[in-house]
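A quick write-up on the structure given underneath.
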Amino acid sequence: MKQSFLAALLAVNLVQTHAATSTNQAPAEGVTIDTSATNLETVKETPAQRDARMAWWRAAKFGLFLHWGVYSVPAGKYGNNTGYGEWIMNSAKIPVSEYQNFARQFNPVKYDPELWVKMAKDAGMRYIVITAKHHEGFAMYPSEASKWNIADATPYKKDLLGPLVSAAKAEGLKIGFYYSQSQDWNNPGGAKAGYLEGDGWDDAHKGSYDDYLKNVAVPQVKEILTRYPIDILWWDTPMYMTPQRVAPLAALTKLRPGLITNNRLGGGLGDTATPEQFVPVTGYPGDWETCMTMNDHWGYNANDQRWKSSTELIRKLAEICSKGGNFLLNIGPTSQGEFPPTSIERLHDIGQWLRVNGDSIYGTTRGPFPYLAWGVATRKGGTLYLHVLDWPQDGKLCVPLSSPAKSATLLASGKKLSVTRPGGKLTIVVPTVAPDPADSVIALKIEGEPVTAPLPSVGAKATASAWLPGSEPANAFDGTGEKCWRAPADVKSAWLEAELGKADTIEAFGLDEPDVWPRLNQKYTLEAFLHDSWQKVAEGKTGGHGVKKTITAVTAQKFRLTMECDKGSPGVAELQLYRVE
Ligand code: GLC
């Protein structure tokens, strides 16, 4: 079974805790870190300082995630089961001593950090985040806090991280480390998902979680932050992270001024929200980054051939940027130290697309349209980048925008396109064949602020058959995706209703599940109130993240969504109804 992030434990909370300075410098001198700290007081910063600290990250948009560790040796296979990834040790309940034998075969002699950086850079990626220690507990650098590390436990014996940091810096890429602070399946006491604190599937696991934090996690985070000039620290799966346990780790982040952290440390800290394997229909108001695999695993799995196409990945990048997020796209290198060829092909294709269309991605902000039938849009000041994914057959692209347009240009060729407004509808006359089947971009220059119509569902009058305190029906229509509507745990089926104030013609909808683990994967039914009765307009399953779908256009004033959840507590983070433009 594939396991994943315990997002239920997290809140998107952009507490500002760092000074706004560059990271290309030695650790802050004279900073005394009190690792016994038990309060969460960290360096305060003004909104302007925060903006300055986040500026490179916000402009970068596209990064490479690398899940690399001892799990690349079994490469997803244990016994007859070939479906594992970096969770193999926990999923297959491999005893510690047996798992440690894999390290004897971890000898990545083909590892070429300069080549990796070059491939990432050519793909248009502006930063890299690599696993310094994943849940298997293995340190990819020589650590003094645990013998379970690259120098002491493998024939390779050399640091893997330092050379990548140097290579990235030399090419002007930012570099970050992923560090699994809670879960550690080798060092005694480290958290083991599925087990109570201090316990695991092997007697060797038994131990104190606090001792593990004190003797392994805290010293290792200190090693990482003092030895390597990293720009990002990417925490994961915060199990048992009370404020007292978060505090010493949070305090260490001061060692690296300018550091950017994600929201998976615990305690509501962190700069960036981390939707995993999905693109939220709304995006989120603060800084956020979708992380995603190219196939179905983070760590290398030799048998996983369920690859997303280059076109899908290019479209994901555009969609994420259109909602104001970053895209952290994963590769699981082999135990030899190579990227799988299929991953390299995708890097190559995305790079080619970005060389032509990079202006529509880097440095952009969220687009102004809550919905476009034919694609998505990003924005840079007075230029809207229209990413046309579904090219109009009749050569006319309708843009639901009231603001005056100055010019439209096809990004790929520089060709000027004529803009008209028949019947008041902004229309761009385009060639009959899409210049790029993956995503053709039109740069539309406009006058003033973009004026678009709000969604009929945002702010709709909401009611539901049941809800938990704090998870009121209105949360599903607040347009942010941050808070949820959810029914109590003893309820398996519940409905949510939106009264739009006036009849509207709806041709598509989007919904996000609450971002919790395990995923809810609910059954949904959407109905419209027509001729005095409820009529079904769509039904299906969420797939564990959410749904975006077109329907036969329907005009109604009231819509009802029924969610059914076997685990109990059905709900949604957001339901958006999109009108015909
Ligand atoms: C998770 C998983 C993990 C993966 C990560 C990426 O929480 O536990 O294996 O590293 O998500 O987001």
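Since the model is a prediction, treat every value here as computed from it, not as a measurement. Whatever order the structure lists ligands and atoms in, that order sets their numbers, starting from 1.
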Judged by heavy atoms only, the candidate from His134, Gln277, Arg264, Met292 nearest atom 3 (C) of ligand 1 is His134

ask   = Under 3.5 Å, N or O to N or O, is His135 touching ligand 1 that way?
value = yes

Which class fits the ring pair Trp57 and Tyr127: parallel under 30°, tilted 30 to 60°, perpendicular over 60°? tilted

Problem - Any donor-acceptor N or O pair under 3.5 Å, side chains Thr272, Glu289 - result: no

So the atoms of ligand 1 within less than 4.0 Å of a heavy atom of Trp87 turn out to be 2 (C), 3 (C), 8 (O), 9 (O)

Result for side chain to side chain contact (heavy atoms under 4.5 Å, CB included) between Met89 and one of Ile94, Asp202, Val70 points to Ile94

Per side-chain hydrogen bond (donor to acceptor under 3.5 Å, both in side chains), His134 is matched among Trp298, Trp185, Tyr178 by Tyr178

Short N or O distance, Trp234 and ligand 1, threshold 3.5 Å exclusive: no

Residues pairing under side-chain hydrogen bond (donor to acceptor under 3.5 Å, both in side chains) where one sits in residues 61-72, two or more places apart or in two chains, turn out to be His67-Asn330

- Message: Salt bridge check, Arg315 against Asp439: does any charged N sit closer than 4.0 Å to a carboxylate O?
- Response: no

task = Check whether any side-chain heavy atom of Pro229 sits under 4.5 Å from a side-chain heavy atom of Arg256, and report yes or no.
result = yes

Counting heavy atoms under 4.0 Å, the part of Gln183 that contacts ligand 1 is neither

Sub-4.0 Å heavy-atom contact, Tyr178 with ligand 1: yes

- Message: Would Glu86 count as being in polar contact with ligand 1, using the rule that some N or O on each side must be under 3.5 angstrom apart?
- Response: yes

For Cys291, the ligand 1 atoms with a heavy-atom partner under 4.0 Å come out as 12 (O)

Thr237 heavy atoms within 4.0 Å reach ligand 1 at atoms 7 (O), 8 (O)

